[in-house]
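Input: one structure, supplied below.
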Amino acid sequence: MTPSATTFSTPTLPCASAAGSSPSLVARFAVHDRKQLEIKLDYTIDPKHKQNTYGLEAYFFLPRSLGIDAQSYPREAFYKDLQNYVRYKTPAPPLARLLDPDNEKSPLGRMARLSKEAVRSTGRNNYAKRLSHECRLFGCQLRSLIRDNVQRLCVEISGLRGRSEEHVVLTADLRASLNGFRDGTDKALGRFRELRPQLLHHDLPDNLQQTFQAVDEYLSLEFERSLAHLVQTLDSCPGLRRELGDSREALVASLGHERGYRLSAGYPGMAEEAEAWQHQVGVETGSAPAPDPQERYLFHLGSLKKLVMSVLFLDIQREREGRHLAEFLAGCAAGFAMLISTVAALVWQDMWSVNGLQLVLGLCVIYIFKDRIKDMLKRFFSRRLSSWLWDYSVRIRDLEFAKTVGRCRETVGFIPRDRVPALVLQRRLQNLPFSHIAASANEAVLHYGREIRLFSRSISKLHGRLHDINDIIRLHVSSFLQRMDDPLRLLPSYDAEHDAVTQLKGSKTYVVDVVFVLRDGRSALRSMQRVRLVLDKTGIRRLISSS
């Protein structure tokens, strides 16, 4: 049973955004890896309202052949397969605004001012915390700008593949974009590194110095990777490589400059990282395995990324909803059962002598029925609570300021097909081949609902620059795969040319349709989307999305 707050009230058509208006809630669906489905919700907070609310519902149509039902896949198993991250969306001001010294929201300007005040002040730890926040936020913003620019430039390069001689003007535009990207990023890194003497001042805490160095190294590695990717993309287009040879040389020169900078700053390269890793493992295990530079490099890069991105992530604390109410009702059930048994014992005692065998047997029977009454009442209250309450209440906390900035409520359960809203069934069958077969299929329907309430004014007061939320949900589908057949089948086929029967290899797959419903507020239907998961025993083969 699911709470009424997550079900449709009237069968209205899904409302799209008004023409020209930007949606406040956008969903993206992807395969995170072979066994994880990823849903990303981008939500724009409106600070004019005290609270902002949005919701998500997912209806999974599971073939019975998978053996997934309420007994084999209880709700606790679903929540074990579910992983959730909530973080602020990276603010993305233009590079000119990020480097503008008069921009009060720019982390660079704030770091320059705070670092001077920190050296003069006695309460340096408070300043160090704020400096660490601004330093990591700058790292997130510049990383986002680098990523977006590289994606845009790669699209432009691909668009001119094999046609650079025909589009001289577009090729010149691409040259200017490549040079502008390299020069702009060099300038941003230079402005950040100018703060190095101030942030590595001996009077400031060590953790701040380590944070600055970690952000500096991470941005250098990200810039180098983006330059290498651009050079590789250019090299895949021989014509463009000839036309833009000067820009390519400049990219390679910047790539070499970043490597030289990290070496001069004492940041370890891949070889040094592998040697340190080998020494550490050798000391811990008493052996010295062959070093793997790539493994250590990826581990180190991941550690740097986690530190930089930690400024955006929010903490999630999940707890059972209505736990205290459930305990109170359980106590009421026990008290009521005790009352009934006590009254029955007094009546029985009046009927028989104090020392009679009949009295002893009667009290035993009353005791048995007391426990049964208590258990029956607890089950009754539990069923009612499951229809009134959600499964979990999740507190969303901002660790930087130790404040609660939102709440999330979740519920999941199997529902009969006749309780699935007609609009969801309609969207599930829309544009499907053999939809009449799917409509009559014997399926289990798993419903998952979540409602997120954000304290928008509190978020605005805490940050002033972080207004948007990324809600990332990952579902591990391994539980769906356990009873699947082997992924390869041999199919006999007659070959007329050779007059023989041959064996063709075919893939045995299963289809799970998922209908996602997005809501603004508690009930306003925002959009509806069907996602088709094509699975085999090894995981997700592909994802087909249909708006």
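Heads up: numbering here begins at 1 and tracks the sequence.
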Do the rings of F480 and F60 sit parallel, tilted or perpendicular, given the 30° and 60° boundaries? perpendicular

Please name all residues satisfying salt bridge (charged side-chain N to carboxylate O under 4.0 Å, His left out) with D398, sequence neighbours left out, ordered by chain then number. none

Not counting sequence neighbours, list each pair that qualifies as a salt bridge (charged side-chain N to carboxylate O under 4.0 Å, His left out) and has a residue in residues 79-90. none

Closer than 4.0 angstrom, basic N to acidic O: yes or no for R259 and E224? yes

Distance only, no hydrogens: is a donor on one side chain within 3.5 Å (strictly under) of an acceptor on the other, for Q36 and R474? no

Is a donor on one side and an acceptor on the other found under 3.5 Å between the side chain of D391 and the backbone of V412? yes

Which label fits F192 and F138: parallel for a plane angle under 30°, tilted from 30 to 60°, or perpendicular past 60°? parallel

C135 and M111: which non-hydrogen atoms are nearest, and at how many Å? CA-SD, 3.5 Å

Which donor-acceptor pairs under 3.5 Å do side chains of residues 204-215 form with protein atoms, sequence neighbours excluded?
residue, atom, partner, partner atom, Å
Q209, NE2, H201, O, 3.1
Q209, NE2, L204, O, 3.1
T211, OG1, N207, O, 2.8

Between V252 and L227, is there a side-chain heavy-atom distance shorter than 4.5 Å? no

Would you say the side-chain atoms of R450 and N84 include a donor-acceptor pair closer than 3.5 Å? yes

Donor-acceptor pairs under 3.5 Å, side chain of residues 181-191 to any protein atom, not counting sequence neighbours: which ones?
residue, atom, partner, partner atom, Å
T185, OG1, F181, O, 2.8
R191, NH1, L99, O, 2.7
R191, NH2, L99, O, 3.4

Without placing hydrogens or testing angles, list every side-chain donor-acceptor pair under 3.5 Å for residues 301-310, not counting sequence neighbours.
residue, atom, partner, partner atom, Å
S303, OG, F299, O, 3.0
S310, OG, R136, NH1, 2.8
S310, OG, L307, O, 2.6

Y218 and R143 side chains, donor-acceptor separation under 3.5 Å: yes

I'd like to check the side chain to side chain donor-acceptor pair (under 3.5 Å) partners of S106; sequence neighbours left out, ordered by chain and number. none

Is the closest side-chain heavy-atom distance between Y88 and I459 below 4.5 Å? yes

Indicate yes or no for a side-chain donor-acceptor contact from S144 to the backbone of C140 under 3.5 Å, with no hydrogens or angles considered. no

Any salt bridge between R175 and D246, counting N to O under 4.0 Å? yes

Distance col, row D468:CG vs D471:CG, nearest 0.5 angstrom, shows 13.0 Å

For the student: nearest non-hydrogen atoms of D46 and S456, plus distance: O-OG, 3.5 Å

Where is the tightest heavy-atom contact between L145 and N149, given as atom of each residue plus distance? O-ND2, 2.7 Å

Rounded to the nearest 0.5 Å, what separation is found between the CZ atom of R262 and the NE2 atom of H257? 11.0 Å

Taking NZ, NE, NH1 and NH2 as the nitrogens, is one of them in R130 or E134 under 4.0 Å from a carboxylate oxygen of the other? no

Distance check, rounded to the nearest 0.5 Å: E410 atom CD versus I473 atom CD1? 7.5 Å

Check whether the side chains of S545 and Q529 place a donor and an acceptor atom closer than 3.5 Å, and report yes or no. yes

Nearest-0.5 Å distance, OG of residue S220 to CZ of residue R193: 5.0 Å

Donor-acceptor side-chain pairing of D216 and Y267 below 3.5 angstrom: yes

